[in-house]
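Take a look at the following structure, please.
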Amino acid sequence: MAKRPTSKSAARKEPEQPGYKTTGINLPADIWELLNRCAFERAKKYGGRPSVSALLTRLVQQHRKELEKELGG
């Protein structure tokens, strides 16, 4: 007989998220500082945790067509 989950959180299924890759990128200090400050401002304005990764993801999503156009030649 299978055991039942002992807590509510164990019983909940996590929603599937897209695959992620952990990476390290090298940025000039002034660019990193700008991104970090923007991430903190967005967190203050919209709530949540400050995240440079989320900010970069958002920027790439906004400019995706432009970036994909570069691949086409």
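Note that the structure is a prediction, hence the values are computed from the model and not measured.
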Looking only at heavy atoms, what is the nearest atom pair of P50 and A43, with distance? N-CB, 3.6 Å
Shared-cluster residues of W32, by chain and number - hydrophobic side chains joined below 4.5 Å: I25, L27, I31, L35, V52, L55, L56, L59
Residue pair E66, K69: steps toward the salt bridge (charged side-chain N to carboxylate O under 4.0 Å, His left out) verdict: CA-CA 5 Å; E66 196 177 319; K69 193 182 265 187; over 6 Å; no
Could R64 and E68 be called an ion pair, given the rule that one side-chain N must be under 4.0 Å from one carboxylate O? yes
